[in-house]
Amino acid sequence: MQIQTQVQLKPFNTLSLDAIASHYVRIQSIDDLEAALKFAQDEKLNVLILSGGSNMLLPQHIHALIIHMDIQGIEYLSENEETQTIRVGAGQVWHDFVLWTTAHKMYGLQNLALIPGLVGASPVQNIGAYGVEVGEFIESVQVYDRENRIHHSISATDCHFSYRHSIFKDHPERYVITHVTFKLLKQAELKLNYGDLKNAMGGQLTAENLQQQVIHIRQTKLPDPKEYPNVGSFFKNPVISQHAFDQIAVHFPNLPHYPQPHNEVKLAAGWLIDQAGWKGKTLGMVGMFHKQALVLVNYECATLEDVRATYKAVQQDVFEKFNIELHPEPVLFDANGLIGSHQD
Ligand code: EPU
């Protein structure tokens with residue numbers, strides 16, 4: 001384990017923001033993690049856990065120890081007739097892991113192919129796409145609890161998974177995820193309720209084809225971060241009451257909407273942004289992607305301030321047109337490596 005100073009984090013965040021970290025370390029084991037946390041404590045530095053950098057907004061200078069998670073490995077734990085349980089290091093690349101499960105005839109994660117990022121970040125925002133959320137296939141999450149200074153395992157039930165949310169979002173500075181334990185199916189149960197996907201399958205109903213079609217749909221709609229630096233969906237799809245929805249629907253009868261439990265309705269943020277005139281529109285170096293308005297792109301060498309100017313303008317225009325507040329999905333960090341507020 002080697003602590004470095006004044007490290008450029010541009011290659012480690014998918015929005016390609018120019019961000020210099022005062023201290024940086026890549027860790028490959030639990031022992032490394034403990035040593036790094038001790039260093040931070042001795043030096044009175046805050047700690048920022050960096051995973052795939054695909055869901056974070058970084059300022060230009062960060063005075064903190066960046067701990068870059070690089071714990072690898074896939075371990076077989078147990079199996080029964082229906083399921084196979086495996087434990088995966090937090091540093092495994094998510095998409096490569098999904099491809100590996102399919103190649104080894106373990107099913108469930110195929111709808112989540114091509115999502116950027118690492119395995120360790122997948123439970124945090126309960127990544128989801130095309131009718132599947134990762135929490136459905138997680139058995140437990142192994143963590144280092146910084147508050148109590150112990151390693152332990154949190155069951156999926158105790159992770160409180162919901163739409164783009166888990167306890168890890170409620171306690172972002174408490175847990176460091178080291179491994180994720182998945183329970184995958186030996187027989188595929190294809191989830192094809194997402195319209196485009198069912199059509200794309202062309203009658204070939206296999207998990208392998210499902211994965212292929214998900215990859216294809218994502219490649220046609222979503223920008224590759226290497227070409228167009230981005231953090232995936234920039235805003236969460238807003239969930240509003242049925243009553244509020246009924247009022248808006250009078251004026252916008254085509255508004256895409258998805259009924260939710262507890263008399264609530266989820267709206268498509270991409271549609272709202274598109275209708276507010278932001279699809280393919282830029283402000284300076286930052287804009288909303290021309291094929292999917294929900295994705296914010298850094299077209300040149302934007303700083304966090306440029307990004308904030310654009311997303312605040314989008315929020316304002318959507319609010320003025322629809323009276324709906326959009327909430328950013330990525331986590332914003334301040335100059336001390338702590339989580340900041342999007343409102344400031
Ligand atoms: N739409 C537009 N214009 C746009 C974009 C979308 O009119 O520019 C409309 C679409 O026509 C559709 C609706 O909005 O009627 C929803 O769009 P889409 O099906 O593309 O899905 P989404 O709600 O924009 C969500 C996830 C994606 C996930 C897809 C597929 C969120 C915030 N986003 O996007 O997740 O891949 O569904 O399941 O829930 C991510 O989180 O980074 C992400 C990409």
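Here, residue 1 is the first one in the sequence, and each next residue gets the next number. Start at 1 and go down the list; that is how both ligands and their atoms are numbered.
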Do we see a donor-acceptor contact under 3.5 Å between the side chains of Gln60 and Asp18?
no

Per-atom contacts of ligand 1 with Asn237, taking only distances under 4.0 Å to non-hydrogen atoms:
23 (O), 31 (C), 32 (C), 39 (O)

For Lys105, does the NZ atom have more than 12 heavy-atom neighbours from other residues, nucleotides or ligands under 6.0 Å away?
no

For Tyr258, take its heavy atoms, then give the atoms of ligand 1 lying under 4.0 Å from any of them.
13 (C), 16 (C)

If you measure every N/O of Lys236 against every N/O of ligand 1, is any gap under 3.5 Å?
no

Between Tyr175 and Phe168, is the gap from one ring center to the other below 6.0 Å?
yes

Check Lys191 with Glu136, please: is the shortest side-chain N to carboxylate O separation under 4.0 Å?
yes

With no hydrogens and no angle check, just 3.5 Å: does a side-chain donor-acceptor pair link Glu300 and Asn298?
no

Under-4.0 Å protein heavy-atom contact, atom 17 (O) of ligand 1:
no

Using a strict cut-off of 4.0 Å, indicate which atoms of ligand 1 neighbour a heavy atom of Ser233.
26 (C), 27 (C), 31 (C), 32 (C), 33 (N), 35 (O), 40 (C), 41 (O), 42 (O), 43 (C), 44 (C)

Where do Leu283 and Ala313 come nearest, in terms of heavy atoms and distance?
CD2-CB, 4.3 Å

salt_bridge(Lys169, Glu329) N-O dist < 4.0 Å:
yes

When distances are taken from atom 21 (O) of ligand 1, the protein heavy atom at minimum range is Tyr194 OH, 4.0 Å

So is Lys279 actually on top of Phe289's ring, under 6.0 Å and inside 45° of the axis?
no

Contact region, Gln292 to ligand 1, non-hydrogen atoms below 4.0 Å, reads both

Which option, Pro238, Ala268, Ala129, Gly117, owns the non-hydrogen atom nearest atom 14 (O) of ligand 1?
Ala268

Going by the order shown, which atoms of ligand 1 are within less than 4.0 Å of some heavy atom of Arg218?
36 (O), 44 (C)

Atoms of ligand 1, numbered as shown, that sit under 4.0 Å from any heavy atom of Phe235
32 (C)

The closest protein heavy-atom partner of atom 8 (O) of ligand 1 is Ala293 N, 2.8 Å

Does ligand 1 have an atom that lies less than 4.0 angstrom from a heavy atom of Lys221?
yes

Closest approach of any protein heavy atom to atom 9 (C) of ligand 1, naming residue and atom
Trp271 CB, 3.9 Å

Check the hydrophobic clustering (I, L, V, M, F, W, Y; side-chain heavy atoms under 4.5 Å; chains of links allowed) and say if Ile154 and Val88 are grouped together.
yes

Heavy atoms of the protein only: does one fall short of 4.0 Å from atom 24 (O) of ligand 1?
yes

Under a 4.0 Å threshold between the charged nitrogen and the carboxylate oxygen, would Asp32 count as salt-bridged to Arg26?
no

Taking 4.0 Å as the limit for heavy-atom contacts, which would you say applies to Tyr163 with ligand 1: side chain only, backbone only, both, or neither?
side chain

Closest approach of any protein heavy atom to atom 38 (O) of ligand 1, naming residue and atom:
Tyr130 N, 2.6 Å

Determine, using heavy atoms of Glu329 and all atoms of ligand 1, whether some pair is separated by less than 4.0 Å.
no

What I want to know is whether Gly232 and ligand 1 share at least one N or O pair that is separated by under 3.5 angstrom.
no

Derivation and outcome, salt bridge (Lys or Arg N to Asp or Glu O under 4.0 Å), residues Glu133 and Arg164
CA-CA 9 Å; Glu133 288 182 348; Arg164 296 293 192 273; 5.0 Å; no

Are Phe252 and Ile240 grouped together when hydrophobic residues (ILVMFWY) are joined by side-chain heavy atoms under 4.5 angstrom apart?
yes

Looking only at protein heavy atoms, identify the closest one to atom 3 (N) of ligand 1 and say how far it is in Å.
Asp274 OD2, 2.8 Å

Within 4.0 Å of some non-hydrogen atom of Pro256, the atoms of ligand 1 are 15 (O)

Enumerate the atoms of ligand 1 whose separation from the nearest heavy atom of Lys279 is less than 4.0 angstrom.
3 (N), 4 (C), 8 (O)

Protein non-hydrogen atoms only, distance under 4.0 Å: does atom 1 (N) of ligand 1 have such a neighbour?
yes

Does the distance from a Lys or Arg side-chain N to an Asp or Glu carboxylate O, for Asp317 and Lys321, drop under 4.0 Å?
no

Phe234 contact mode with ligand 1 (heavy-atom cut-off under 4.0 Å)
neither

Closest heavy-atom pair, Thr83 versus Asn80, reported as atoms and distance to 0.1 Å, is N-OD1, 2.7 Å

Tell me which one of Val295, Val231, Leu294, Asn254 gets a heavy atom nearest to atom 34 (O) of ligand 1.
Leu294

I'd like to know if atom 29 (C) of ligand 1 has any protein heavy atom within a distance of less than 4.0 Å.
no

Please classify the Arg164 to ligand 1 contact at 4.0 Å (heavy-atom distances, strictly less than): side chain, backbone, both or neither.
side chain

For Arg87, is there an ion pair with Glu75 - N to carboxylate O distance below 4.0 angstrom?
yes

